[in-house]
Student: 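Here it is, the structure in full.
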Amino acid sequence: MENQTIVTEFILLGLSNDPQMQILLFLVFLVIYLITLGGNIVIMVVIRADSHLHTPMYFFLFHLSFVDICYSSVTVPNMLINFPAEHKTISVNGCIVQMFFILLSAAAEVFILSAMAYDRYTAICDPLCYMERMSKGICVHLVSGAWAIGFFHALLNTVFTSKLRFCGPNEINHFSCELPPLLQRSCTDTLTNQVVLLTSVLIFGSSSFLLTLISYIYIISTILRIRSAEGRHKAFSTCSSHLIVVALWYLTAFFQYTKPSSVSSVVLDEIFSIQYSILTPMLNPIIYSLKNKEVKIALGKMLGKLKFLK
């Protein structure tokens, strides 16, 4: 240990070393990031501007769009800077800070999705008590709770990571400072960190998943009891967008954590990371705008007003 040099910065190897491929990747991820920002900002503005969308479901959608902007902004801008850069470095402290916000955004997103599932459960399974159960105060508490859990999850893992020493090599086979590849670069024992990470992911991940799963079990059973096909279609259409978004999140996580060790690779881990931290925040506003009639109507009204002002 005495002869080892303490690392003060990491080199993020990213997705490719080929200069031409880096230019292509820069353009691709720039477009993705602009779509992510534009789409989520439009969703937030439309919800704020249209009084018909001042309901619990759209309150949660507003905050989901905000989380998606945060989640994407934690990693993509740094990626875009690194693509043309000769030295793709980040300080150890900067890496740990980025890791904190990745964990915070991810945990906040899954619990907001769980809150949205509970909202749909209440609307479909107990519509008479909907406004009482989903009052403004309760909605605020659910969103605040999602951020609080995310903050605790991120802080817990960050505190233990900050105690580690990094002695080299200082290259990280990833495009961002996610915790698992960061732990691989520690020259001190990481057993405690791995236990903390696994425990927090199991507790928070499984609880959010179970909340969502139980909500949808009740939702589906209620929809199947509706006699008319039109009634079933109408009920299902109110939660179809959310169900697609949830499926994108949990299927990606499922395949990432259940893949056999024989197919484990840096490339595969990066693909999964791109899916849930970059592509999903881009797809969420597209899914909600295409699948949701009320959002499309509100968006049409807003565009009509803009044309009228011109």
Side-chain angles (χ1 to χ4, degrees), residues 39-40 42-65 67-68 109-143 145-146 206-254 280-305:
N40 283 293
V42 166
I43 290 286
M44 293 171 72
V45 170
V46 166
I47 291 171
R48 285 294 185 198
D50 196 316
S51 59
H52 294 97
L53 301 182
H54 293 176
T55 62
M57 182 172 76
Y58 295 106
F59 174 81
F60 292 125
L61 179 56
F62 178 92
H63 286 277
L64 180 67
S65 293
V67 174
D68 282 335
E109 176 140 353
V110 294
F111 277 99
I112 287 175
L113 288 172
S114 296
M116 294 174 80
Y118 176 71
D119 169 71
R120 292 299 83 207
Y121 155 76
T122 308
I124 293 170
C125 302
D126 196 6
L128 296 177
C129 298
Y130 178 68
M131 294 313 297
E132 181 184 346
R133 287 193 178 186
M134 300 305 298
S135 64
K136 187 176 180 180
I138 290 173
C139 291
V140 170
H141 281 115
L142 287 172
V143 170
S206 60
S207 60
S208 63
F209 175 73
L210 285 173
L211 285 169
T212 305
L213 180 64
I214 292 168
S215 295
Y216 270 103
I217 289 172
Y218 279 102
I219 287 168
I220 291 168
S221 64
T222 301
I223 290 173
L224 291 175
R225 288 199 298 268
I226 298 173
R227 293 182 179 180
S228 67
E230 184 183 350
R232 287 195 297 270
H233 180 267
K234 186 178 179 181
F236 184 73
S237 66
T238 64
C239 59
S240 59
S241 299
H242 178 259
L243 190 57
I244 293 169
V245 171
V246 167
L248 280 173
W249 239 103
Y250 285 109
L251 283 175
T252 304
F254 175 79
T280 299
M282 179 193 71
L283 292 172
N284 284 354
I286 296 172
I287 292 167
Y288 274 101
S289 60
L290 290 177
K291 296 286 292 180
N292 194 296
K293 187 178 178 181
E294 289 177 316
V295 171
K296 286 192 283 188
I297 292 170
L299 184 58
K301 287 180 181 179
M302 191 176 76
L303 292 174
K305 288 179 181 179

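Numbers for residues simply follow the sequence, beginning at 1.
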Student: Working to the nearest 0.5 Å, report the span between CG of L213 and OG of S206.
Tutor: 11.5 Å

Student: Rounded to the nearest 0.5 Å, how far does CG of L248 lie from CG of N284?
Tutor: 7.5 Å

Student: Rounded to the nearest 0.5 Å, what separates atom OH in Y288 from atom CD1 in I43?
Tutor: 9.5 Å

Student: Holding to side chain to side chain contact (heavy atoms under 4.5 Å, CB included), I want the full list of residues that pass it with I138, two or more places apart in sequence or in another chain.
Tutor: S135, L142

Student: Could you list the donor-acceptor pairs under 3.5 angstrom formed by side chains in residues 111-121, with sequence neighbours left out?
Tutor:
from, atom 1, to, atom 2, distance (Å)
S114, OG, V110, O, 3.1
S114, OG, S208, O, 2.9
S114, OG, T212, OG1, 3.1
D119, OD1, Y130, OH, 2.5

Student: Using side chain to side chain contact (heavy atoms under 4.5 Å, CB included) as the criterion, list what pairs up with S237, not counting sequence neighbours.
Tutor: none

Student: With distance as the sole test, does H233 use its side chain to make a donor-acceptor pair with the main-chain N or O of A229 at under 3.5 Å?
Tutor: no

Student: Can you pull out every salt bridge (charged side-chain N to carboxylate O under 4.0 Å, His left out) where at least one residue sits in residues 124-134? Sequence neighbours excluded, please.
Tutor: D126-R133

Student: Going by side-chain hydrogen bond (donor to acceptor under 3.5 Å, both in side chains), name the pairs with one or both residues in residues 49-63, residues two or more places apart or in two chains.
Tutor: D50-H52, Y58-N292, Y58-E294

Student: What heavy-atom pair brings S65 and M44 nearest, and what distance separates the two atoms?
Tutor: CB-CG, 3.7 Å

Student: Sorted by first residue and then second, give each side-chain hydrogen bond (donor to acceptor under 3.5 Å, both in side chains) pair with at least one member in residues 215-231; sequence neighbours left out.
Tutor: Y216-H242

Student: In Å and rounded to the nearest 0.5 Å, what is the CD1 to CD1 distance from I124 to I223?
Tutor: 4.5 Å

Student: With sequence neighbours left out, write down each residue that passes ring-ring contact (aromatic ring centres under 6.0 Å, His included) with F209, or none if nothing qualifies.
Tutor: Y250

Student: How far apart are the closest heavy atoms of I226 and A235, and which atoms are they?
Tutor: CD1-CB, 3.9 Å

